[in-house]
Amino acid sequence: MAEEVKQENVAAEESSSSENKPVRQNRGYEPHGSASAPRPGDRKSGDHKGRPSERRGGRGGFRGARRPEDEYLERVVAINRISKTVQGGKHVRFSALVVIGDGKGKYSFATAKSGEVPDAIKKALTKARKQLFTLALKNGTIAHDTVGVYGATKVVIKPAPAGTGIVAGGAVRAILELAGAKNVVSKVYGSRTSVNVIRATHEALKNLKSYDRVMVLRGLKTEDQIKAMHASERAAKAKGDK
């Protein structure tokens, strides 16, 4: 009998405590510091935390933001393993050669070394963004033939009609594609080392003249005709925008 009375008292105490306990309302997301959201990202429906994309604050701020350097296309041309024999063993490092470009006439390249491949690529990309070069293009091709020489490598680049595409090897194609060229023919003579080919290609592109300059030098157009042509193109573009 005493046990039954004790059980009834415990049940009464539990029911009274449950009635006095405040009811937590589910009101969606709340800013940090509220009673219903003790920490950033907590869901109000239950004790589950939000997904990483839903969390507020934290290190790095909001995730998924577009970085300014994302406007450049990136390509890894070559990765070399460098081994140096020292007292006690071998010291191994990696070298990465990368090319970047915006597809609108700007490009760059760089090489960097590190103990890990991802670190070498990251250092090379950072180095490449510090100095950009401009390629003069007209209708997706260059204005005239050009030749670049670096060391034992010689690169010849020629313009091509529409529909030809880029006829080039891996290293030369990397620069031309990322720079925005569409129809170009090239040939590499001598050493095929990737870094030498890249630098010889860069020397060839540096020797290029603009389309307008070539027309004037060849006597096909005068400077006044070039200015009038550009003025009419700007007027037509402005009219189309309206």
Side-chain angles (χ1 to χ4, degrees), residues 66-80 95-112 117 120-218 220-221 226 229-230 233 237:
R66 181 181 175 87
R67 298 181 300 174
E69 58 266 23
D70 288 346
E71 59 181 312
Y72 297 107
L73 302 174
E74 305 167 353
R75 183 171 302 179
V76 179
V77 178
I79 295 178
N80 298 322
S95 173
L97 175 63
V98 302
V99 176
I100 66 172
D102 62 351
K104 301 177 183 179
K106 290 185 178 181
Y107 72 94
S108 182
F109 64 95
T111 180
V117 174
I121 295 175
K122 184 178 180 180
K123 288 170 63 176
L125 292 174
T126 303
K127 186 177 178 181
R129 291 189 180 96
K130 293 181 179 179
Q131 185 178 11
L132 295 173
F133 307 98
T134 302
L135 174 61
L137 296 172
K138 181 71 173 182
N139 297 327
T141 188
I142 57 179
H144 58 87
D145 299 357
T146 181
V147 179
V149 178
Y150 185 88
T153 303
K154 178 181 178 181
V155 176
V156 179
I157 304 177
K158 297 182 179 181
T164 304
I166 299 179
V167 182
V172 182
R173 176 183 291 271
I175 285 186
L176 295 177
E177 281 187 350
L178 298 187
K182 303 297 182 182
N183 304 287
V184 177
V185 177
S186 69
K187 177 64 177 177
V188 179
Y189 299 94
S191 173
R192 273 15 183 226
T193 306
S194 298
V195 64
N196 286 351
V197 174
I198 288 285
R199 289 171 177 167
T201 304
H202 174 59
E203 292 295 329
L205 298 181
K206 284 200 307 182
N207 297 331
L208 282 175
K209 298 179 179 63
S210 65
Y211 177 82
D212 299 340
R213 183 61 178 167
V214 172
M215 292 294 103
V216 173
L217 292 176
R218 294 180 179 178
L220 301 178
K221 292 183 180 180
I226 295 293
M229 181 181 65
H230 287 312
E233 289 178 355
K237 184 177 180 180

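Quick caveat: nothing in here was measured; it's all calculated off a predicted structure.
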Asks: Please name the pair of heavy atoms, one in Ala124 and one in Ala96, separated by the smallest distance, quoted to 0.1 Å.
Replies: CB-O, 3.9 Å
Asks: Can you list every salt bridge (Lys or Arg N to Asp or Glu O under 4.0 Å) pair that touches residues 147-170, not counting sequence neighbours?
Replies: none
Asks: With sequence neighbours excluded, tell me which residues meet side-chain hydrogen bond (donor to acceptor under 3.5 Å, both in side chains) with His144.
Replies: none
Asks: Any salt bridge (Lys or Arg N to Asp or Glu O under 4.0 Å) pairs touching residues 189-211, not counting sequence neighbours?
Replies: Glu203-Lys206
Asks: Would you check if Leu205 and Leu176 make a side-chain contact, meaning some heavy-atom pair closer than 4.5 Å?
Replies: yes
Asks: Just verifying a value: how many Å separate Asp145 CG and Leu208 CG, rounded to the nearest 0.5 Å?
Replies: 9.5 Å
Asks: Could you measure the distance from the CD1 atom of Ile198 to the CD1 atom of Ile175? Nearest 0.5 Å is fine.
Replies: 4.0 Å
Asks: What is the minimum heavy-atom distance between Ala171 and Val197, and which atoms define it?
Replies: CB-CG1, 3.6 Å
Asks: Any heavy-atom pair between the side chains of Glu74 and Val98 that's under 4.5 Å?
Replies: no
Asks: In chain order, what residues pass the ring-ring contact (aromatic ring centres under 6.0 Å, His included) check against Tyr189, with sequence neighbours excluded?
Replies: none
Asks: How would you list, by chain and number, every residue that makes a side-chain hydrogen bond (donor to acceptor under 3.5 Å, both in side chains) with Asn196, sequence neighbours excluded?
Replies: none
Asks: If you compare all heavy atoms of Ala143 against all heavy atoms of Val214, which two are closest, and at what distance to 0.1 Å?
Replies: CB-CG2, 4.0 Å
Asks: Restricting to pairs with a member in residues 166-176, which pass side-chain hydrogen bond (donor to acceptor under 3.5 Å, both in side chains), not counting sequence neighbours?
Replies: Arg173-Glu177
Asks: Looking only at non-hydrogen atoms, find the nearest pair between Val155 and Ala200 and report the distance.
Replies: CG2-CB, 3.6 Å
Asks: Is the shortest side-chain heavy-atom distance between Asn139 and Asn183 below 4.5 Å?
Replies: no
Asks: Take atom CZ of Arg75 as the centre, draw a 6.0 Å sphere, and report whether it contains more than 12 heavy atoms from other residues, nucleotides or ligands.
Replies: yes
Asks: Checking Phe109 now: which residues fulfil ring-ring contact (aromatic ring centres under 6.0 Å, His included) with it, not counting sequence neighbours?
Replies: His202
Asks: Tell me, please, which residues at least two apart from Glu233 pass side chain to side chain contact (heavy atoms under 4.5 Å, CB included).
Replies: Lys138, Met229, His230
Asks: Do the non-hydrogen side-chain atoms of Ser108 and Val99 ever get within less than 4.5 Å of each other?
Replies: no
Asks: For Ser194, give me all partners under side chain to side chain contact (heavy atoms under 4.5 Å, CB included), at least two apart in sequence or on another chain.
Replies: Val77, Ala78, Leu97
Asks: Name all residues meeting the side-chain hydrogen bond (donor to acceptor under 3.5 Å, both in side chains) criterion together with Ser210; count only those two or more places apart in sequence or in a different chain, and write none if there are none.
Replies: none
Asks: Among all residues two or more places apart in sequence or in another chain, which pass the side chain to side chain contact (heavy atoms under 4.5 Å, CB included) test with Asp102?
Replies: Tyr72, Lys104, Lys106
Asks: Heavy atoms, side chains only, cut-off 4.5 Å: are Val188 and Thr153 in contact?
Replies: yes
Asks: Would you give the length of the straight line joining atom CG of Leu125 to atom NZ of Lys130, rounded to the nearest 0.5 angstrom?
Replies: 12.5 Å
Asks: Closest approach of Ser186 and Val172, non-hydrogen atoms and distance?
Replies: OG-CG1, 3.7 Å
Asks: Provide the closest heavy-atom pair for Thr146 versus Ala204 in the form atom of the first, atom of the second, distance.
Replies: OG1-O, 2.6 Å
Asks: Please enumerate all residues that pass side-chain hydrogen bond (donor to acceptor under 3.5 Å, both in side chains) together with Thr193, with sequence neighbours excluded.
Replies: Ser191
Asks: Is there a side-chain contact between Val185 and Ile157 (heavy atoms, below 4.5 Å)?
Replies: no
